[in-house]
Amino acid sequence: MSTDAPEQADDGDAARDQEPSLEGGYDPEAVESRWQDRWVDEGVYAYDGDPDQDPNTTYAIDTPPPTVSGSLHMGHLYGSTLQDFAARFQRMHDGDVLFPFGYDDNGIASERLTEQELDIRHQDYERREFQERCREVCTEYEAEFTDKMQNLGTSIDWDNTYKTIEPRVQRISQLSFLDLYEKGREYRKKAPAIWCPECETAISQVEMEDDERGSHFNDIAFEIASEGTDRDEFVISTTRPELIPACVSVFVHPDDEDNQDLVGETARIPIFGHEVPIIEDDRVDMEKGSGVVMCCTFGDQNDIEWYQAHDLPLRVAIDESATMTDLAGDYEGMSTVEAREAIVEDLEDEGYLRDRWEISHAVQVHERCDTAVEYRVSKQWYVEILDHKDEYLEAGREMDWYPEKMFTRYRHWIEGLEWDWLISRQRDSGIPFPVWYCEACDNEIMAEKGDLPVDPLSDEPPVDVCPECGHDEFEPEEDVFDTWATSSLTPLINAGWDWDEASEAFTMDKPELYPFDLRPQGHDIISFWLFHTIVKCYEHTSEVPFDATLINGHVLDENREKMSKSRGNVVAPDEVLAEYPVDAVRFWAASAAVGDDFPYQEKDLRAGEKLLRKLWNASKLVDTLAPADPEEPDDLEAIDRWLLAELDDAVAELTDQLAEYEFAKARDRLRTFFWNTFCDDYLEIAKGREDNPSTQYALRTAHRTFLELWAPFLPHVTEEIWQAVYADDSTGDLETSSIHTRDWPDPQGYDADLEAGETAMEVISALRRYKSENQLPLNADLESVAVYGAVDGFADAIQNVMHVEELTVLEDQPEITTEVAAIDLDYSQVGPQYGEKVGEIDAGIESGEYEIDEDREARSASEGSSGDEPREGNVLRVAGEELEDDLFEVELERTYSGAGEMIETETAVVILE
RNA sequence: GGGUUGGUGGUCUAGUCUGGUUAUGACACCUCCUUGACAUGGAGGAGGCCGGCAGUUCAAAUCUGCCCCAACCCA
């Protein structure tokens, strides 16, 4: 598609240049791109709200910006299609919609790309300048991405876009930092932090993940240096012997009787010779190894806890690039891996290594580069979050979660937070902290809000001397923000959040948007992105940024396996769109319940294609049966009123379903009603009522409504048909003539005997079945048919569509002999009333040991009960009980004794002669 | 290791929160049919006892417990 797209425009294809018309078959290839171009060119989806607009009539989506330097994948396609269903429905239903788009090019992926493309190194540039290069390089990728997104036909407002690297967004990021700082929500602290030695930066807790790796357990003997116990030594087990130079203590569990004698003694570290105390602590895992463990600064999070709880010294044996420090003595300069082997060898030579065996265990690694993390003490910026956990939880509770179960995930995430959010990163590129430090007293000097964005590395601080100590030399902060610190601000970016100098307050350009109505997101990434966004925006605005969040599942391959490059099962949107219409792809995308993973399925795409064809062909038929805009007759005939009443029901139900993001249910409901009821039943009947004004009106009303109802799902084909048949294009203004800017249909309040309609459809099916079974063509004439059942007002329709020469509606039940076939109990009543007696009652009926007392026969013909309705006796006597007639129904086996053939349906009896 | 979700005819799935006894639809399969748009259409048929076990109940796909399997999140 990417290669076809550009030259499609100059194909000069006749169909493309043609005015919309129903001539011939539907040609999605020409039609879809034509409308995509026009929608964008003519700004059909432009958001033109004003700040005073009632927020309730504005529907705004906070779309998370994708990384644009990569390629469009099925996740993008699926996610944006779901958003588009909501956007298109809301635009028709409730007025103004903002469906914006963001390009995320503030990240390592874009930086690497820029370096490759321009053959430069970011180190050779000033930060600001390098970002300028990034913007230039990414512009091309953005254009390509935009093009591909537009080929999906989503109703994004392409005038409302932003890039996460642009100065306006940098300003918002820095404003966010200053605001939280002034609110006392941020602090800079020297503390142990999770560190990636490959990237040489601190990372936050959520950026690491577990990875199963092969390793060795090493049993190492430690000598006891003090005199208080009989033993000379004890053994610890460790996977990281290179950490023994960093060992600061040894721990024993208080319940560990075998090793209690060690507590209070001093251990000597082999090879290195330094002595450390042996302390008891209940965080020791007694099950592991000998039950005695060493504490190093730092091997893991437990070490950090011990370091803090027992006020242990800091021994740093590993530096920021995972190289051994001078504390490691002879091993200085080795990498941790080299040192591990060397130390193990030396331990063995000196007799301290008692055992060594292979194991496989979970190692915590940086999710970006898969490097095992270290823990280092360094000065970092943190956002304080642990003290507001309750508020964040409450905020999350105020939102609607689709699906609801995702709230549980949020709750567990909040409850499980153990560290404040570390937001500084030691990277060369990124959005800088707007901070300087006084060289003399380390006082923090914040930038002025009016000056943002600033880069302390190239800009001067806003003061000449330190307000604290009067010193005049400052050190710029070199760190940059964690990208999530920026990504978590998208609602503020979209709403135009800024600092207003005049009023000295934060303002929004589009306050009517905030809080946003919807935040969509894939379920894999919500803990990084969505959850942080809730927290950050809540801190800035004291309200939840979203009314609702829509969390979509993943697209799996046809075997329900996760798509991955290594598996080679990735399906590219380009390939799919080359083969199927976008509308068909959208039909498939609507098939899964929101939140569920679902497979890519060609059969659903083909089903979508068939639907487009059906809609097209049905439209052609409607066009031949009725003028485009017939008058509404004073009285609609029963069959036509029936259709419109059914349509009312469908409209009401679909409206609710779409408002609740139940796209799959809405899709199926609409398809069934359109295909089965409208096409198979009503259209067939309408063919025989061509000149009937009642039918003409119903046909056109239903057809217009169907196009409107399908529009959010199938925007291209509905637009084409709408423009061909109904649009008032005299103005030539697509913004007003497009089906996508019309009002969503309302139920019109048609009243009809839906049951009679249902019965009539049953009779028609019965006659079809009869013809089918007798191998007759469906348009074969039937001489005489009698119907016993409530089909008031539908007799003509039945007669016409089934080609019945003579149709009689019987007042009385036809001549039949009946015999009881079965008795159906209404268990919902019988159960609670008779309890365990039900078993006996069932047995009695089964064995025929019952009688029905019909003496006080209540049934009479005047009640209008149809022929198939079971006869009701007053009392069923069985198992010593008497059941009233509302507790059971008698199924009758009928035998027709008159002339002709009898067919029974649920609620009618049909006799063919 | 903890948590979440799911396991329904060959495939994908509705129904499960609010238990009621013939379990929904689509695709695939088989049979038949050119009805004034659509044979890429229409009519009909076969196919499941709802992951397993136990329990609660008059009644369980639906509630409870345990187990198995899968995915995801967290550690």
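Below, chain A is the first sequence line, B the second, and so on; all start at residue 1.
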Identify, with sequence neighbours excluded, every residue that meets salt bridge (charged side-chain N to carboxylate O under 4.0 Å, His left out) alongside [X].
X: A:Glu32; answer: none
X: A:Lys620; answer: none
X: A:Arg411; answer: A:Glu415
X: A:Asp623; answer: A:Arg700

Between [N] and [M], how far is it from one [atom1] atom to the other, in whole Å?
N: B:U11; M: B:G48; atom1: P; answer: 13 Å
N: B:G44; M: B:U4; atom1: C1'; answer: 44 Å
N: B:A26; M: B:U34; atom1: C1'; answer: 25 Å
N: B:C69; M: B:C29; atom1: C1'; answer: 29 Å
N: B:A28; M: B:G41; atom1: P; answer: 9 Å
N: B:G42; M: B:U16; atom1: C1'; answer: 35 Å
N: B:A61; M: B:U22; atom1: P; answer: 10 Å
N: B:C12; M: B:G47; atom1: C1'; answer: 16 Å

On the 0 to 90° scale, with breaks at 30° and 60°, tag the A:Trp588-A:Tyr600 ring pair as parallel, tilted or perpendicular.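 The rings of A:Trp588 and A:Tyr600 stand perpendicular, inter-plane angle above 60°.
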
Within the pair A:Asn617 and B:C38, is there a side-chain N or O less than 4.0 Å away from OP1 or OP2?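 A:Asn617 to B:C38 OP1/OP2: no side-chain N or O under 4.0 Å.
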
With a non-hydrogen cut-off below 4.0 angstrom, is [X] in contact with a base, only sugar-phosphate, or nothing?
X: A:Gly553; answer: nothing
X: A:Lys562; answer: sugar-phosphate
X: A:Gln833; answer: nothing

On RNA chain B, does the nearest nucleotide to A:Ala618 precede the nearest nucleotide to A:Glu609 from the 5' side, or the other way round? Give the residue.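 By nearest-heavy-atom nucleotide position, the 5'-most residue is A:Ala618.
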
Closest-nucleotide ordering on RNA chain B, the 5'-leading residue of A:Gln364 and A:Asp604: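 Nearest nucleotide further toward 5': that of A:Asp604.
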
Counting only Watson-Crick or G-U wobble pairs whose two distances fall under 3.5 Å, which nucleotide matches [N]?
N: B:G36; value: none
N: B:C17; value: none
N: B:U31; value: B:A43
N: B:U57; value: none
N: B:A70; value: B:U5

Rounded to whole Å, please give me the gap between [atom1] in [X] and [atom2] in [N].
X: A:His523; N: B:C74; atom1: NE2; atom2: C1'; value: 15 Å
X: A:Phe598; N: B:C12; atom1: CZ; atom2: C1'; value: 11 Å
X: A:Asp27; N: B:C38; atom1: CG; atom2: P; value: 18 Å
X: A:Ile764; N: B:U35; atom1: CD1; atom2: P; value: 17 Å
X: A:Glu415; N: B:C73; atom1: CD; atom2: P; value: 19 Å
X: A:Leu615; N: B:G41; atom1: CG; atom2: C1'; value: 15 Å
X: A:Arg769; N: B:G42; atom1: CZ; atom2: P; value: 17 Å
X: A:Lys610; N: B:G41; atom1: NZ; atom2: P; value: 4 Å

Counting only heavy atoms and a strict 4.0 angstrom limit, can you tell me which residues of residues 658-676 of chain A come near RNA chain B?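 Those residues are A:Lys665, A:Trp675.
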
For A:Ala618 versus A:Leu683, what's the shortest heavy-atom pair and its separation?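 Residues A:Ala618 and A:Leu683, closest heavy atoms: CB-CD1, 4.0 Å.
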
Which atoms form the tightest heavy-atom contact between A:Pro832 and A:Gln829, and what is the distance?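 Heavy-atom minimum between the residues: CD-O, 3.3 Å.
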
[X] side chain, from C-beta outward: closest of [options]:
X: A:Ala593; options: B:A14, B:G36, B:G20; result: B:A14
X: A:Asp597; options: B:G44, B:G36, B:A71; result: B:A71
X: A:Asp680; options: B:A43, B:A14, B:A37; result: B:A43

Can you name the side chain to side chain donor-acceptor pair (under 3.5 Å) partners of [X], sequence neighbours left out?
X: A:Lys687; result: A:Glu684
X: A:Tyr682; result: A:Asp640
X: A:Trp306; result: A:Asp281
X: A:Arg586; result: A:Asp84

Determine, for nucleotides 3-11 of chain B in 5'-to-3' order, which nucleotides have protein heavy atoms under 4.0 Å from the base (write B), from only the sugar-phosphate (write S), or from neither (write -). S-S------

Can A:Tyr375 and A:Gln364 be counted as having a side-chain donor-acceptor contact under 3.5 angstrom?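 Their side chains do contain a donor-acceptor pair, which is all the 3.5 Å distance test asks for.
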
Would you call A:Arg240 and A:Glu374 a salt bridge, using N to O less than 4.0 angstrom?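 Between A:Glu374 and A:Arg240 there is a salt bridge, with a charged N closer than 4.0 Å to a carboxylate O.
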
Holding to ring-ring contact (aromatic ring centres under 6.0 Å, His included), I want the full list of residues that pass it with A:Trp195, two or more places apart in sequence or in another chain.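 Expected list: none.
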
Quick one: which protein N/O atoms are closer than 3.5 Å to N/O atoms of nucleotides 57-59 of chain B? Pair and distance per line, please.
from  : atom 1 : to       : atom 2 : distance (Å)
B:C58 : O4'    : A:Gly835 : O      : 2.9
B:C58 : O4'    : A:Glu836 : N      : 3.1

